Amino acid sequence: MKILFSSSELAPLCQSGGLGDAVSGLARALGAAGHEVTCIIPAYRSALRSHGCPRLIDRGPMTLRFRPDEGLPFELSGRLLAGSLFPGVEVVLVDIPQLYDRPGIYGEAGGSYGDNGLRFIALGRAAAYYAEAHQPDVVVAHDWHAGLTVAALRTSLDRGPTRAIGTVQVVHNNAHQGRLPASCLALSGLARDLFHKDGVESWGELNLLKCGLAFADRIVAVSPTYAKEVQTAAFGEGLDGMYRGRSHRLRGVVNGIDTARFDPSTDLALAAPYSSRDPAGKRICRERLLQDLHLDEPPPGMLVTGIGRLAEQKGWDVLLVAIDGLVKLGCTIALLGDGDADLARQLRDKMAAHPRRVWFRSAFDEGLSRRLYAGADVVLVPSRFEPCGLVQLIGQRYGTVPVAHATGGLVDTIRDPYFAPHKRADDVVDPWGTATGCLFSPLTAKDLVEAVARVAALGQTGRLPDVQRRLMALDVSWDEPAQSWEAILTEVVSEARARW
Ligand code: GLC
């Protein structure tokens with residue numbers, strides 16, 4: 001298949017979080033499976049300068065014409081640059097300096113650019129024109145930034161062979177929707193009569209995610225549980241009605257991780273390599289970590305980590321409250337995350353209150369994060385909501401037990417027989433016989449501490465190393481997800497062909 005991805009993020013060129021990893025992981029897996037994948041993204045300054053950026057060739061000029069107001073047309077012009085990223089995967093950068101040649105991706109110093117609406121309307125339109133010119137079999141739009149690609153293909157450009165291009169809207173995070181003032185409709189190039197509740201309007205605004213959801217042949221959420229959750233008022237963020245109305249088109253596929261990049265048997269950041277077959281190195285990593293961070297460990301010892309963005313979604317406020325309880329339980333805690341300054345300050349206070357038992361650093365540090373994954377016994381994932389989540393998968397890969405709030409993709413990727421919906425008959429005899437982590441609900445500090453206590457109890461039976469080996473042996477790669485994706489795309493392509 002010829003597949004066109006439209007996305008704001010693509011690792012290693014540009015990313016602000018899990019989106020960039022997921023998009024490039026999937027592209028790479030589909031490319032490796034023999035498909036011809038092109039990823040169209042904005043030519044951010046940081047993407048053009050990134051070490052991961054391949055040698056680019058100029059694919060010619062590109063002009064977008066806007067009519068913000070009757071009689072007031074304006075143009076944005078730039079060029080398309082292209083290069084080969086992975087085997088079978090090409091990247092095309094939409095180089096409109098006026099929009100993308102800036103220090104940040106979405107903004108600077110924690111803020112957002114005031115014209116982000118226009119910046120991603122431009123991405124959607126450029127990607128749709130690219131599709132019209134190059135006729136892929138299917139277009140896959142990632143998150144709200146790319147939603148307009150789908151609506152433009154299915155409405156203003158829906159003619160001739162372009163009708164036979166299949167479309168998929170991927171929902172990596174429904175909390176961000178690209179809500180814009182109704183006046184932006186003119187910039188989008190969409191017809192005015194699409195501005196209604198079954199079209200691109202949502203609560204009086206133009207909603208770029210809905211531009212994808214309303215018109216896509218399939219909607220794919222990044223886990224089956226999240227695909228159900230977005231249909232509820234609690235997770236739908238105002239779009240639950242749209243998801244329910246199109247639930248026959250909605251699928252859920254969990255992400256994988258790059259198992260070559262995250263591999264404790266070859267990871268040069270670690271004090272010692274290890275694997276499920278030869279797990280001894282994990283102990284060495286653990287000891288080295290305690291030493292390096294100047295942490296004490298009272299017996300029997302349980303080293304707990306938390307890694308990620310200090311953001312509302314990730315539930316660090318709950319973790320903060322749980323710290324005293326974890327210390328009382330006998331845990332030693334090492335945390336790494338950047339983002340919210342206030343939370344960082346409070347975490348630093350906790351570190352001061354529990355010297356040698358609690359360690360925190362406010363930073364994004366990939367090498368250190370891998371040493372934490374490797375050294376810890378438990379990795380906490382107290383997310384309020386989590387469409388898929390990568391932390392629990394990386395944790396499993398490094399043989400570290402994820403203890404996670406039972407939400408979204410965490411429910412689909414962590415098997416916990418203590419957690420009622422997962423329970424099977426044979427689990428009654430030995431729940432730890434099949435567990436791949438711990439789930440807890442509701443999201444409170446008390447429930448989090450109780451879940452960690454279950455792992456601590458396991459530790460005392462001496463069976464923790466068996467469970468760790470089981471985690472390391474799990475297949476968290478893109479192999480299986482890519483097969484599910486292939487099946488969905490094949491279906492979409494054959495339906496779309498029948499349309500023309
Ligand atoms: C978003 C979601 C996260 C998901 C990632 C990749 O960052 O918050 O749960 O893993 O996208 O799909």
Side-chain angles (χ1 to χ4, degrees), residues 1-10 13 22-43 54 56-57 59-60 62 64 79-95 120 122-143 145-170 189 211-213 215-220 249 251 253 478 481-500:
M1 278 179 273
K2 248 173 97 176
I3 305 166
L4 178 68
F5 277 19
S6 173
S7 175
S8 162
E9 299 188 19
L10 181 70
L13 276 75
V23 173
S24 77
L26 179 59
R28 189 179 196 150
L30 291 170
H35 302 289
E36 218 180 290
V37 186
T38 300
C39 303
I40 186 163
I41 62 170
L56 298 173
I57 55 158
R59 281 278 190 78
M62 188 212 45
L64 298 174
R79 313 194 69 78
L80 292 175
L81 307 172
S84 150
L85 193 60
F86 311 121
V89 182
E90 184 190 49
V91 60
V92 171
L93 297 114
V94 181
D95 188 17
F120 295 106
L123 171 67
R125 291 183 56 170
Y129 291 135
Y130 188 89
E132 187 185 40
H134 296 268
Q135 295 289 316
D137 298 306
V138 59
V139 169
V140 181
H142 294 273
D143 267 357
H145 323 92
L148 181 60
T149 317
V150 175
L153 280 171
R154 269 303 71 81
T155 61
S156 31
L157 303 179
D158 199 33
R159 56 195 171 214
T162 302
R163 297 209 53 171
I165 302 177
T167 54
V168 177
Q169 175 67 46
V170 191
C211 288
L213 301 178
F215 293 98
D217 294 318
R218 288 292 181 284
I219 299 168
V220 178
R249 307 264 178 184
R251 305 284 182 273
V253 180
W478 275 99
Q483 280 173 23
S484 308
W485 266 99
E486 251 183 329
I488 292 172
L489 296 178
T490 307
E491 239 176 67
V492 167
V493 168
S494 73
E495 280 174 29
R497 285 208 179 119
R499 212 161 32 210
W500 191 50

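Counting begins at 1 with the first residue of the sequence. Worth knowing before you read on, the calculation uses all heavy atoms, side chains too, and leaves out hydrogens, waters and symmetry mates. If you're wondering where the values come from, they're calculated on a predicted model, not measured in any experiment.
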### Message
Strictly distance-based, threshold 3.5 Å: is any side-chain N or O of Thr167 a donor or acceptor partner for the main-chain N or O of Asp217?
### Response
yes

### Task
Determine the minimum heavy-atom distance between Ser24 and Phe86, stating which atoms define it.
O-CE1, 4.0 Å

### Message
Testing the 3.5 Å rule here: is there a donor-acceptor pair between the side chains of Glu486 and His35?
### Response
yes

### Query
Shortest non-hydrogen contact from Thr149 to Ala127?
CG2-CB, 3.5 Å

### Message
So Ile41 and Leu93, do their side chains get closer than 4.5 Å, heavy atoms only?
### Response
yes

### Query
Roughly how far, to the nearest 0.5 Å, is the OG1 atom of Thr38 from the CG atom of Leu85?
11.0 Å

### Query
Taking the side chain as C-beta and beyond, is there a heavy-atom pair between Phe120 and Leu148 under 4.5 Å?
no

### Message
When you measure from the side chain of Thr162 to the backbone of Asp158, do you find a donor-acceptor pair of N or O atoms at a distance under 3.5 Å?
### Response
no

### Message
If the threshold is 4.0 Å, N to carboxylate O, is there a salt bridge linking Lys2 and Asp137?
### Response
no

### Query
If every non-hydrogen atom of Pro136 is compared with every non-hydrogen atom of Leu4, which pair is closest and at what distance?
CG-CB, 3.9 Å

### Query
Where the side chain of Arg499 meets the backbone of Arg163, is there a donor-acceptor pair that is under 3.5 Å apart?
yes

### Query
In Å, rounded to the nearest 0.5 Å, how long is the span from CD of Gln135 to CD1 of Ile165?
4.0 Å

### Message
Just verifying a value: how many Å separate Leu10 CG and Ile40 CD1, rounded to the nearest 0.5 Å?
### Response
12.0 Å

### Message
How long is the straight-line distance from CG of Leu64 back to OH of Tyr129, given to the nearest 0.5 Å?
### Response
6.5 Å

## Note on the structure
CD of Glu132 to OG of Ser156, rounded to nearest 0.5 Å, is 9.0 Å

### Message
Main chain of Val170, side chain of His142: is a donor-acceptor contact present, judged purely on distance under 3.5 Å?
### Response
no

### Task
Report the residues that fulfil salt bridge (Lys or Arg N to Asp or Glu O under 4.0 Å) with Arg79, sequence neighbours left out, ordered by chain and then residue number.
Asp58

### Query
Where do Ala22 and Trp478 come nearest, in terms of heavy atoms and distance?
O-CZ2, 3.5 Å

### Message
So, using salt bridge (Lys or Arg N to Asp or Glu O under 4.0 Å) as the criterion, who are the partners of Glu36 when residues are at least two apart?
### Response
none

### Task
Give a yes or no answer on whether the side chain of Gln169 reaches the backbone of Asp143 with a donor-acceptor pair at less than 3.5 Å.
yes

### Task
State which residues pass ring-ring contact (aromatic ring centres under 6.0 Å, His included) with Tyr130; sequence neighbours excluded, sorted by chain then number.
His134

### Message
To the nearest 0.5 Å, what is the distance between CD1 on Ile3 and CG on Leu489?
### Response
5.0 Å

### Query
Any idea which heavy atoms bring Glu90 and Ala82 closest together, and the distance?
OE2-CB, 4.0 Å

### Query
Can you find a pair of side-chain heavy atoms, one from Val91 and one from Pro54, that are under 4.5 Å apart?
yes

### Heavy-atom side-chain proximity of Val168 to Trp485 below 4.5 angstrom
yes

### Query
Where do Val23 and Phe5 come nearest, in terms of heavy atoms and distance?
O-CE2, 3.6 Å

